Amino acid sequence: MNKPLELLEKYFGYKYFREGQYEVISNILRGRDAFCIMPTGGGKSVCYQIPALILNGITLVISPLISLMKDQVDSIRDMGISAEFINSTQNLAEIKEILKRCYNGEVKILYIAPERLESEYFNKMLRKLWISQIAIDEAHCVSMWGHDFRKSYRAIAPFIKSLNIRPIVTAFTATATEEVRKDIYNLLELINPYTYIGSFDRENLEIAIHKEDDKLEFVKDIIREKEEEAGIIYCVTRKEVDGLYKYLKDRDYSVAKYHGGLKDEEKNYYQEEFLNDNKNVMIATNAFGMGIDKSNVRFIVHFTMPKNIESYYQEIGRGGRDGEKTECHLLYNRSDIRTLEYLIYTTVGNERKEIEIKKLQSMIDFCESDKCLRNFILNYFGEEKSRDYCNSCSNCLKNEELRDYTIEAQMILSCVYRSKEQYGISVLVDILRGFTGPKIIQNNLNKLSTYGIMRDYSSKFIRDLIKTLLELGYVNLKEGTYSMLKLNNKSIRVLKSQEKVICKLSNDVEEKIENRELFNKLRVWRKEKANSLRIKPYIIFSDSTLIELANRLPRNKEELLNIRGMGAKKLESYGEELLKIINS
Ligand code: ADP
Ligand code: MG
Ligand code: ZN
């Protein structure tokens, strides 16, 4: 089997690479620099962590988020990868101790804060290491055009130059307008990097806009409906945060808050309460969230419309990092526009006022639009989709109507034909979207002419359409198998353009968690375990892993290993306890 896939399964417990990951990894392994733009939650870390495990020597990861470095390192250690971090929270003795372990070859991945590179003394110590890869996370910080410029990122290129042997340099970011991209390329001095630019689309985020007058009722409803799940409510002003926090707290909701006016220790306290699953709902201004890795945020509410689409998309991007369905609700009220205009006029410098007002106008257009909301956003970021319909935003679901899906149906049916009627829905989706997974590689499915032809459709859309085609008899399930698709006469007529497919798409809204009681038990176990190990709950397992456990009820260690997110080390650490809970 091929090495990256083997490690993905062994350490991370995943069977498939996501879009782009395999390509980035294999290019790094060939010794080439890489520049990787993927949306938040797209899975950038794996792209440098797997090469780190394979390459000889150590990988340095430069990351700007000191407060989260410990969590990042905890999380890969919990998978059995030897990692350390160095930042300003440690004293010299501790740092020397860590470096000693690095010199002894006991550490595969070392996270460092960029500020460290400004110290010549520290650089000298680093130069004694055998560095095979330097991975620069949040690479947009090097650019003044980006939204969080960090001066110390400019120390990276000189440091690399000072090394005797130039390591492979890899850069990762989720935001990259044209200017920022150029800056990253030039200022980090990447050499002919393999460049991967992923789609901005986050298809597990369900986008909804509500023209709501009674916002408080809406918020209470959604928190109640989500029971114990985690969510973030974004407000525009500190005052709004304080008010909503008090209102909900007085009514016994499990809430935390965060804004720039709180003292550092308050901010830390509330953030930790939220990250540790002690408080379910975070009420915050946009000051909250940069780099937050909590993967199980299940809903995002914008209590007030944000001031531009960039902020909006970044904020909803903090939801559903584990790839599970996440609801994003924006409460739109025209009277909020005045507040935002006022904020812009009073807080933004003259030279930027006009730009900010324009951006606000796009945000208003978005809220007033009656077309696909997802496409609106993607177009805004310069991405064109061939279909003006996503089936998972409030406009698409509202405007549900008959549409012509003949072309898409032809792509799907021809893929069933080319792959010799040997596969079920999930593999077909992977082929059509051009994903890389063991089944794909082993069976040479990436050589098919239909490989990747639906690259710019979402997996959900393709799945929904296949299910609709099945329901309407445009294709059948093969008898005796429960999942392989098989063409019939109607399929052939569609393929020959003798028949059109005009229908409404079915929307897959079935409850994903079949055994909620067990799921809740597992969640309680995860929280207690995390407390005793002093790590964050989501570091132990993501929600998607718990959902699979609750749905598939594995009976032994072998079956446990088949669960997504269950690597060898996790099995060793938690396997027995999980089986006990599941069997009881
Ligand atoms: P990013 O840095 O791009 O925002 P992360 O690297 O933090 O994203 O990954 C987001 C989540 O996706 C993590 O929970 C990670 O474990 C998960 N993930 C990464 N790669 C895969 C994969 N191939 N299959 C399933 N989940 C994955
Ligand atoms: Mg990341
Ligand atoms: Zn839509």
Side-chain angles (χ1 to χ4, degrees), residues 4-5 7-9 11-22 24-25 36-50 61 63-65 68-69 71-72 75-76 78-79 111 135-140 172-175 196 198 201-209 290-297 314 317-324 366 369-379 385 387-400 430 435-438 457-458 460-461 464 505 507 536 538-545 548 563-567 570:
L5 257 178
L7 297 179
L8 182 72
E9 177 145 22
Y11 286 103
F12 300 86
Y14 301 133
K15 287 200 161 51
Y16 292 91
F17 278 114
R18 292 216 186 122
E19 209 168 338
Q21 286 178 329
Y22 187 75
V24 173
I25 292 170
C36 171
I37 304 170
M38 275 183 194
T40 308
K44 290 182 283 293
S45 328
V46 164
C47 297
Y48 56 81
Q49 286 162 355
I50 287 189
V61 181
S63 163
L65 305 162
L68 296 162
M69 219 171 241
D71 292 344
Q72 287 175 330
S75 126
I76 46 178
D78 204 52
M79 299 170 187
Y111 281 76
I136 302 145
D137 207 4
E138 315 287 350
H140 60 273
F172 300 84
T173 178
T175 41
Y196 178 84
D201 194 6
R202 297 275 317 277
E203 46 186 79
N204 59 319
L205 302 182
E206 298 194 341
I207 301 171
I209 295 179
M290 159 80 163
I292 291 292
D293 257 337
K294 186 178 169 75
S295 66
N296 60 338
V297 176
Q314 194 177 36
R318 309 219 162 100
R321 293 175 59 98
D322 53 8
E324 292 298 318
F366 172 70
S369 161
D370 56 3
K371 304 230 173 61
C372 176
L373 297 171
R374 186 180 309 276
N375 275 349
F376 190 105
I377 297 175
L378 294 175
N379 289 342
K385 287 270 163 183
R387 165 67 55 183
D388 60 358
Y389 182 68
C390 77
N391 209 32
S392 68
C393 74
S394 51
N395 284 349
C396 285
L397 294 173
K398 188 169 63 204
N399 304 341
E400 196 195 348
D430 286 351
F435 287 169
T436 325
Y457 292 81
S458 74
K460 179 181 181 325
F461 175 90
D464 287 346
L505 276 197
N507 183 28
K536 304 282 187 294
Y538 58 85
I539 285 173
I540 297 188
F541 288 118
S542 71
D543 277 7
S544 39
T545 302
E548 266 203 53
I563 301 287
R564 187 157 44 120
M566 185 77 62
K570 300 255 184 206

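Read the numbers this way: they start at 1 and go in the same order the structure lists the ligands and their atoms. The figures that follow rest on heavy atoms only: side chains count, while hydrogens, waters and symmetry mates do not. The structure displayed is predicted, hence computed values, not measured ones.
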When you look for heavy atoms under 4.0 Å from ligand 1, do you find them on the side chain of Pro39, its backbone, both, or neither?
backbone
Tyr16 and ligand 1 - part of the residue with a heavy-atom distance under 4.0 Å:
backbone
For ligand 1, find out whether one of its N or O atoms is nearer than 3.5 Å to an N or O atom of Ser295.
no
Provide the number and element of each atom of ligand 1 under 4.0 Å from a heavy atom of Ser45.
2 (O), 5 (P), 6 (O), 7 (O)
Using a 4.0 Å heavy-atom cut-off, which part of Gln21 comes near ligand 1: side chain, backbone, both, or neither?
side chain
Would you call Arg18 and Glu203 a salt bridge, using N to O less than 4.0 angstrom?
no
What residue and atom, counting heavy atoms only, is the protein's closest point to atom 4 (O) of ligand 1, and at what distance?
Gly41 N, 2.6 Å
Per-atom filter on ligand 1: closer than 4.0 angstrom to a heavy atom of Phe17 are 23 (N)
Presence of salt bridge, Asp137 and Lys44, under 4.0 angstrom:
no
Is the shortest N/O to N/O distance between Tyr14 and ligand 1 below 3.5 Å?
yes
Return the orientation label for the Tyr389 and Phe461 ring planes: parallel under 30°, perpendicular over 60°, tilted otherwise.
perpendicular
Does ligand 1 have an atom that lies less than 4.0 angstrom from a heavy atom of Gly42?
yes
